[in-house]
Amino acid sequence: MDESCTVGKYLVERLHQLGLEHLFSIAGDYSIEWLNRCVQPSGIRIIEEVNEVNAGYAADGYARLKGIGALCVTYSAGALCAVNAVAGAYVEKVPLVLINGTPSIKKTITFEQTGFSAHHFITGRETDLQSFEHITAAAVRIESPDLAPMLIDYALTQCVSERRPVYVELLQDMVDLECEPPRGALRPARTLSDRTSLEQSVAQICAKLDSAENPLVWVGVEIDRLGLQEKALTLIRRLNVPFATELLSKAVLSEDDPLFAGVLDGQASSAAVLELARTSDFVLALGVWLTDINSLGWDPDFDKTAFASLDAVKFGTYFGGQVALEHLLDGILAEKVRPRVRKVPERPARGVLAVDPADRITYQGFYDFIQQYIDGNTIVGSDASLNYFGSLLLDVPAQGGFIAQSSYSSIGYIAPAATGVCLAKRPEQRVMVFSGDGGFQMTAQCLSTQTRFKLDPIVFVVDNGVYAVEQWLADSSVFHTDQPFYPSCLLHPWNYSRLSDVFGCRGWKVGTYQELAEAVAGALANTDSPSVIQVMVPGKSIPDNAKWKAQ
């Protein structure tokens, strides 16, 4: 060999080449030697996490900004704890790499042939691999140094091509074995389109754009995942038509843009956005995912909406297969469709909420009040909770300044995801996330990691004492009657602000707008640790745009 390289170093070098600067890990004896001997001396910083699901959520948040994220766990007892985080990344097309430190070949064969078990074994060499192959774009087991470069390159290329997680099973006795060094740079696989389908799809859409009197562009999350923001914005400006986003794609393009109309997410949308969608005679949906979170009591008009997704175009009875979204945008731009004149609905001016400082905070009042603190350097995140509704109507000026796992919707995601976001963001940006109290109880240990590494997210825990969104989904009438909550939705109360004493960060408990203002001021001034602000709201208080289901 011309150069000295080992399997462990090869994996590190490839990850670093793809832009990875931080690796989230949980110590385990099957992976610790790779971390110590290969990762630690490299340019990748190890972020020691407190549990595997938090590590997975943190890596997911990191990848959404950085373009790739990674976590390292130990076999079975660790890896299987990360399944939920990896599943969420798979659903939401997040490029994540799970490295699973695995028992040696000798231990594996001994277990399979004699039954003498090493710790963490379940049924042999296939258990973890089979668990992850259904929720990853590639799942490989590195048990030969000669095959390692090919398998690692395949998995990582799949990760950045499919924008989905991959699984790399790294056997502990492979780490120090010599292999071929990396050759060249890894790149995403080429995007392919069928020429006839592409030409037909471009013609169909351009004809509708040319004849429509009131077109609307609906920008979806794939515009972000595929890095097509500038092309989408160029098309919107050339057409001179308003555009809307969905909750999952909120702030994919700056919400300060004069053509931005708002977020189109069913009945949770503003009245002006719903009216805009209703009166549009053609809607071009670019990379929009249809889920129950962006319908919410409202169904798109499929006869007037062209859905252009990752690799297909669907419009009424027309279907164009193998049409890459990037190539479709290029084709439409090349046709130079004439611009339209369509007035964008006026959005209400956002001023400081006029309230009595002594008033008790309501769910809607909290979001009206917090708007004043969100500027072009703020990254906002929302958990799967009633916070979806409140945050949906916030104005977020920064392009890429909003994060929510709203398709998979695993409660407890956003607070640990903020760990990764803080490490991937620009220095001048500040992270502000909104969690429900139920979700926060699942992943509260994220404050430990954030404190340890002096990260400074502001974590608002909206405390209403109940899994309110689960109650809302099951029976929303409770919120406007005297009927009690379902017992299964009631939470054991925590003094969330006092967790700051446990983890060594800062905490506030607020019940009035005066207390909220003081807490936010203190949190903004705190740049050495996370700030947790426990926001007390009445149990049956819900955001205004969630009330449509409660009537």
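Here, residue 1 is the first one in the sequence, and each next residue gets the next number. The basis for the numbers below is simple: all heavy atoms, side chains too, and nothing from hydrogens, waters or symmetry mates.
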Exercise. With distance as the sole test, does T305 use its side chain to make a donor-acceptor pair with the main-chain N or O of F302 at under 3.5 Å?
Worked result: no

Exercise. Would you say L235 and V217 make side-chain contact, with heavy atoms under 4.5 Å?
Worked result: no

Exercise. Does one side chain, of S201 or Y318, offer a donor that lies under 3.5 Å from an acceptor on the other?
Worked result: yes

Exercise. Can you name the nearest heavy-atom pair linking V263 to V273, along with the distance?
Worked result: O-CG1, 3.7 Å

Problem set entry | Distance, nearest 0.5 Å, that separates CZ of F307 from CG of L290 | 4.5 Å

Problem set entry | Side-chain heavy-atom pair I458, I533 within 4.5 angstrom cut-off | yes

Exercise. Taking the six-membered ring where the residue is Trp, are the ring centres of F260 and F243 under 6.0 Å apart?
Worked result: yes

Exercise. Who passes ring-ring contact (aromatic ring centres under 6.0 Å, His included) against Y408, sequence neighbours left out?
Worked result: none

Exercise. With sequence neighbours left out, which residue pairs that include part of residues 301-312 fulfil the salt bridge (Lys or Arg N to Asp or Glu O under 4.0 Å) condition?
Worked result: none

Seminar exercise, completed: So the salt bridge (Lys or Arg N to Asp or Glu O under 4.0 Å) pairs with at least one residue in residues 53-64 (sequence neighbours excluded) are D60-R64, R64-E92

Problem set entry | T449: partners by side chain to side chain donor-acceptor pair (under 3.5 Å), with sequence neighbours left out | E49

Exercise. Side chain to side chain contact (heavy atoms under 4.5 Å, CB included) between L186 and I152: does it pass, once the steps are laid out?
Worked result: CA-CA 11 Å; L186 296 183; I152 291 169; over 6 Å; no

Exercise. Which value, rounded to the nearest 0.5 Å, describes the distance between L264 atom CG and L216 atom CG?
Worked result: 7.0 Å

Exercise. Would you call R278-E275 a salt bridge at under 4.0 Å N-O?
Worked result: yes

Exercise. Between the main-chain N or O of S197 and the side-chain N or O of D194, is there a donor-acceptor pair closer than 3.5 Å?
Worked result: yes

Problem set entry | Q364 side chain to D544 backbone, donor-acceptor under 3.5 Å | yes

Exercise. Between the main-chain N or O of E21 and the side-chain N or O of Y62, is there a donor-acceptor pair closer than 3.5 Å?
Worked result: yes

Exercise. Looking only at atom types and distance, does a side-chain atom of W218 sit under 3.5 Å from a main-chain N or O of L286, one as donor and one as acceptor?
Worked result: no

Problem set entry | Residue pair L96 / C159: nearest heavy atoms and the distance that separates them | N-SG, 3.6 Å

Exercise. So, D256 and S254: side-chain donor and acceptor under 3.5 Å apart, yes or no?
Worked result: no

For this session: Work out which heavy atom in S382 is nearest to a heavy atom in F402; give both atom names and the distance.
Result: CB-CZ, 4.0 Å

Problem set entry | Ring centroid separation Y363 to F389 under 6.0 Å | no

Seminar exercise, completed: Y496 and Q441 have their tightest heavy-atom pair at OH-NE2, 2.9 Å

Exercise. Hey, does the side chain of T443 reach the backbone of G412 with a donor-acceptor pair shorter than 3.5 angstrom?
Worked result: yes

For this session: Determine the minimum heavy-atom distance between C446 and P416, stating which atoms define it.
Result: CB-CA, 3.7 Å

For this session: Report yes if some heavy atom in the side chain of R237 is under 4.5 Å from a heavy atom in the side chain of D257; otherwise report no.
Result: yes

Seminar exercise, completed: Note: S410 and D383 closest approach over all heavy atoms is O-OD1, 3.9 Å

For this session: Using modelled atom types only, decide if a donor and an acceptor are shared between the side chain of Q371 and the backbone of D395 within a distance under 3.5 Å.
Result: yes

For this session: Measure the spacing between CD1 of I411 and CZ of F440 and express it to the nearest 0.5 Å.
Result: 13.0 Å

For this session: Kindly compute the distance separating CH2 (W472) from OG (S385), expressed to the nearest 0.5 Å.
Result: 12.0 Å

Exercise. With distance as the sole criterion, is a donor-acceptor pair present between the side chains of S131 and D128 under 3.5 Å?
Worked result: no

For this session: List in chain and number order the residues that pass side chain to side chain donor-acceptor pair (under 3.5 Å) with D224, two or more places apart in sequence or in another chain; answer none if no residue qualifies.
Result: Q229

Exercise. Would you say L239 and V337 make side-chain contact, with heavy atoms under 4.5 Å?
Worked result: yes

Exercise. So, do F479 and Q471 sit near enough that their side-chain heavy atoms are less than 4.5 Å apart?
Worked result: yes

For this session: With the side chain counted from C-beta on, respond yes when L274 and Q267 share a heavy-atom pair under 4.5 Å apart, and no when they do not.
Result: yes

Problem set entry | Backbone N/O of T136 and side chain of R164: donor-acceptor pair under 3.5 Å | no

Problem set entry | Worked verdict on R238 versus T234 for side chain to side chain contact (heavy atoms under 4.5 Å, CB included) | CA-CA 6 Å; R238 185 171 295 177; T234 299; 4.2 Å; yes

For this session: With sequence neighbours excluded, give me every salt bridge (Lys or Arg N to Asp or Glu O under 4.0 Å) pair touching residues 330-339.
Result: D210-R338, K231-D330

Problem set entry | Trace of the side chain to side chain contact (heavy atoms under 4.5 Å, CB included) decision for L310 with K93 | CA-CA 11 Å; L310 178 72; K93 290 186 182 292; 3.8 Å; yes

Problem set entry | Working for side chain to side chain contact (heavy atoms under 4.5 Å, CB included), residues V396 and T378 | CA-CA 8 Å; V396 180; T378 308; over 6 Å; no

For this session: Output the distance between atom OG (S269) and atom CG (L247), rounded to the nearest 0.5 Å.
Result: 10.0 Å

For this session: Without swapping roles, check the side chain of D437 against the backbone of D463 for a donor-acceptor pair under 3.5 Å.
Result: no

Seminar exercise, completed: Separation between CG (N377) and NZ (K425), nearest 0.5 Å, reads 9.5 Å

Problem set entry | pair S211-F282: side-chain heavy atoms closer than 4.5 Å | no

For this session: Check whether any side-chain heavy atom of L23 lies under 4.5 Å from a side-chain heavy atom of I99, and answer yes or no.
Result: yes

Exercise. For A79, does its backbone N or O pair with a side-chain atom of E52 as donor and acceptor, under 3.5 Å?
Worked result: no

